[in-house]
Amino acid sequence: MQRIERLCSFAGRYPGTDAERRAANDLAGQLRGAGQRVEVEPIHVHPQWALVHAAHLALAIAASLVAIASPAAGFVLVLLTATSLYLDLNSRLYLLRRLFFRRASQNVLGRGRRPEAPARIVISAHYDAGRTGAVYGERATRIAARLPRAARVALAPMRIVFWSLALLVPLLGARLAGIDASWLAAVQLVPTVVLIVAFVALLDIALSPVVTGANDNASGVAVAMALEEALAEEPPSQLDVWLLLTGGHECLGEGMRSFVREHADELAEAPTYFLVLDAVGSGDVHYATSEGLAVSYPLDPRLTQICEAIATADHESKNRFRAVATASGSLTDALPASQAGHPAIALVGASGPGLPPPHHHSRSDTPDRIDPGALERFHDFALELVRQIDRDTDRRLG
C-alpha cells in the first residue's frame, strides 16, 4: 500500500510527461536501494493515441462520403485506413500514428541476479496512468455486465469501432463495382454513424484528465516489486528473474513493444517468459487466454494450462485465489510480448470474465479503493505460477 500511495503521488503520470519521468526515476531509486541492478531505458512513444484513432475514423467517414461521388477514391481511402487501424491496434506496424508527435518515455528494467540460469522470466507491470472519458463510465460497465460472456469480447468498444470501419470496405467495393442502390446507401449509413459517435468519444478521451491510477496500475507495480523480492529470497532453480516496469502502456502498449524490439537479440539467447500484472488491486484473479483490440490473439497455451492447474487445485481446497480464465477484447503488455514470439500471460483483476477492472480509467481509481486482500491473492497466485513455470522448465530441460 505504501508503494501504491507513493507512485500515485506522481499525479498526471501520462506517457511522455514529466510526472511519468519522475515516477520512473523514483522506482529505479527504490530498486537500487534494494541492491538491484537497474537501467532506465529511454524510449519514444506517441501519447495521443485517442487522436490517432480519431484521425483514422475521420478518414473513414470522409471515404464514406467521397465514395458517393467517386467510388474508386472512397474505396482506396477506406482500405488504406482500415489497414492502418488494424496494424496499429495490434501493435504490429504504425502508419498514420507516425504522423503524430512523439514524446520521450522510459522503461525501468531490473536485470536478474542469476544470468547463468537456462531460462528467464520477466515480471512486468506498467507504471503510467491513462485518461478518463465518458466511455469508461459505470453505465458502460453495467451494460457490459448484462451481456453474455462471449458477447463481451465481440462487443468491446474498439472491436465495434474497427469492424464498423472494416464493414465499409466491402460496401464501398460494391459501389466501385457499379452497384448504386438505395439499400446500399442505407446499409452504408449504419457503420458511418457508428464511426461518427466513436470519433466524438475519442475526442472526449483526448481532452479528459489523467486518472490517479491506483489500481491501474500502481497495484501491478507494487505486486511485481514484492514478487521479485520474494523470488530473490528463494530463487527459482531454472529461471533468471527480471523486473520490467514499462512506461507508455497507455499509448496501447508502446512501452512493451519498444522493449521486446530493442532487446530482441538478448531475449532470444534463452527461453523467456513474460508475466504481466495489470490492475491487481481489486476483483478476482483472472488469467487471460486471449487479447486483442481488433481481433483475438491467443496467449501462450502452456502458461494458460499451468494457470488452469493452479486454479483447479485451489478450487478443490480453500478457493483462496478465486482464479478463472478470461478472454479480453482489450490489451495488456502480454500481447506485444506474445506477438514478438515469447510465451506470455497476463493476470488482471476484474469483477467478471470479459469485464474491465473496477474503477477502470475512472476518477475513483484512488488508493483508498484498493483491496489489500486482492493484492495478496494476486501476489500468491503469481508466486505459485512462477514456481510451476520453474518446475516445468526443469522437467523440459531434464
Side-chain angles (χ1 to χ4, degrees), residues 31 36-37 39 107 109-125 220 223-246 256 259-278 280 285-291 297-317 320-321 323 325 332-348 377-398:
L31 295 173
Q36 190 162 3
R37 266 192 319 142
E39 302 168 23
N107 290 328
L109 174 63
R111 293 180 182 274
R113 307 169 196 253
R114 300 183 61 247
E116 74 283 357
R120 71 172 65 90
I121 184 165
V122 180
I123 300 170
S124 180
V223 171
M225 293 172 70
L227 185 59
E228 190 280 332
E229 290 170 352
L231 293 169
E233 293 180 2
E234 297 183 31
S237 62
Q238 305 296 328
L239 300 174
D240 187 25
V241 180
W242 288 22
L243 178 65
L244 173 64
L245 306 178
T246 57
M256 179 62 80
F259 175 79
V260 294
R261 292 183 174 220
E262 290 295 324
H263 293 267
D265 294 339
E266 185 178 9
L267 295 176
E269 293 173 358
T272 301
Y273 303 94
F274 282 79
L275 170 56
V276 174
L277 299 163
D278 201 336
V280 298
V285 175
H286 289 71
Y287 52 94
T289 58
S290 65
E291 293 184 349
Y297 289 93
L299 297 179
D300 186 72
R302 182 56 185 159
L303 295 182
T304 299
Q305 290 173 2
I306 294 174
C307 287
E308 184 178 356
I310 297 172
T312 300
D314 181 57
H315 291 329
E316 294 173 353
S317 58
R320 184 164 59 100
F321 300 138
T332 71
D333 279 342
L335 187 58
S338 177
Q339 290 182 335
H342 304 290
I345 196 76
L347 302 182
V348 182
R377 285 195 299 273
F378 275 97
H379 175 274
D380 293 350
F381 186 93
L383 184 59
E384 179 62 22
L385 175 57
V386 174
R387 299 295 187 201
Q388 293 295 340
I389 293 172
D390 185 49
R391 295 188 188 102
D392 187 65
T393 303
D394 189 30
R395 284 193 297 269
R396 295 189 179 195
L397 294 176

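These numbers were taken from a predicted model, which means no experiment stands behind them.
Shortest non-hydrogen contact noted between Ala270 and Pro118 is CB-O, 3.6 Å. The heavy-atom pair separating Leu227 from Ala382 by the smallest distance is CD2-CB, 3.6 Å. Across every non-hydrogen atom of Arg113 and Asp240, the tightest pair is N-OD1, 3.2 Å. Thr246 and Ser124 get closest at one heavy-atom pair: CG2-OG, 4.0 Å. Ala334 approaches Ala344 most closely through the heavy-atom pair O-CB, 3.6 Å. Across all non-hydrogen atoms, the minimal contact from Met256 to Pro336 is CG-CB, 3.9 Å.
How far CD1 of Ile389 is from CG of Leu303: 5.0 Å, rounded to the nearest 0.5 Å. Atom CD1 of Ile345 is separated from atom OH of Tyr287 by 8.5 Å, given to the nearest 0.5 angstrom. To the nearest 0.5 Å, atom CD1 of residue Ile306 and atom OH of residue Tyr273 are 7.5 Å apart. Note that CD of Glu291 and CG of Leu299 are 5.0 Å apart. Values are rounded to the nearest 0.5 Å. Going from atom NE2 of His379 over to atom CG of Leu277 covers 10.0 Å, rounded to the nearest 0.5 Å. From Leu383, atom CG reaches atom CZ of Arg387 across 5.0 Å, with rounding to the nearest 0.5 Å.
With sequence neighbours excluded, no residue forms a side chain to side chain donor-acceptor pair (under 3.5 Å) with Asp314. Take Arg37 and apply the side chain to side chain donor-acceptor pair (under 3.5 Å) test, not counting sequence neighbours, and it matches no residue. The side-chain contact (heavy atoms from CB on, under 4.5 Å) search around Glu384 returns Ile310, Gln388, Arg391, not counting sequence neighbours. Qualifying ring-ring contact (aromatic ring centres under 6.0 Å, His included) partners for Phe274, counting only residues two or more places apart in sequence or in other chains: His342. For Gln238, the side chain to side chain donor-acceptor pair (under 3.5 Å) test picks out Asp394, with sequence neighbours left out. Scored by the salt bridge (charged side-chain N to carboxylate O under 4.0 Å, His left out) test, Glu116 finds Arg114 as partners (sequence neighbours excluded). Shown here are the side chain to side chain donor-acceptor pair (under 3.5 Å) partners of Arg302, two or more places apart in sequence or in another chain: Gln305, Asp392. Listed by chain and number, the residues in a ring-ring contact (aromatic ring centres under 6.0 Å, His included) with His263 are Phe259 (sequence neighbours excluded). Legend: residues meeting salt bridge (charged side-chain N to carboxylate O under 4.0 Å, His left out) with Arg111, ordered by chain and number and at least two apart, are Glu39, Glu266. Take Glu229 and apply the salt bridge (charged side-chain N to carboxylate O under 4.0 Å, His left out) test, not counting sequence neighbours, and it matches Arg3. By the ring-ring contact (aromatic ring centres under 6.0 Å, His included) test, Phe381 is found to be paired with Phe321, residues two or more places apart in sequence or in another chain being considered. By the salt bridge (charged side-chain N to carboxylate O under 4.0 Å, His left out) test, Arg120 pairs with no residue at all, sequence neighbours left out.
Defined by atom type and a distance below 3.5 Å, a donor-acceptor pair is missing between the side-chain atoms of Ser338 and Asp300. No donor-acceptor contact under 3.5 angstrom links the side chains of Asp278 and Thr332, judged on distance only.
Here the side chains of Leu231 and Leu239 are not in contact, with every heavy-atom distance at 4.5 Å or above. Asp390 is listed as a side-chain neighbour of Ser237, based on a closest heavy-atom distance under 4.5 Å.
Partner Ile123 forms a side chain to side chain contact (heavy atoms under 4.5 Å, CB included) with one of Leu245, Val276, Val241 and no other, that one being Val241.
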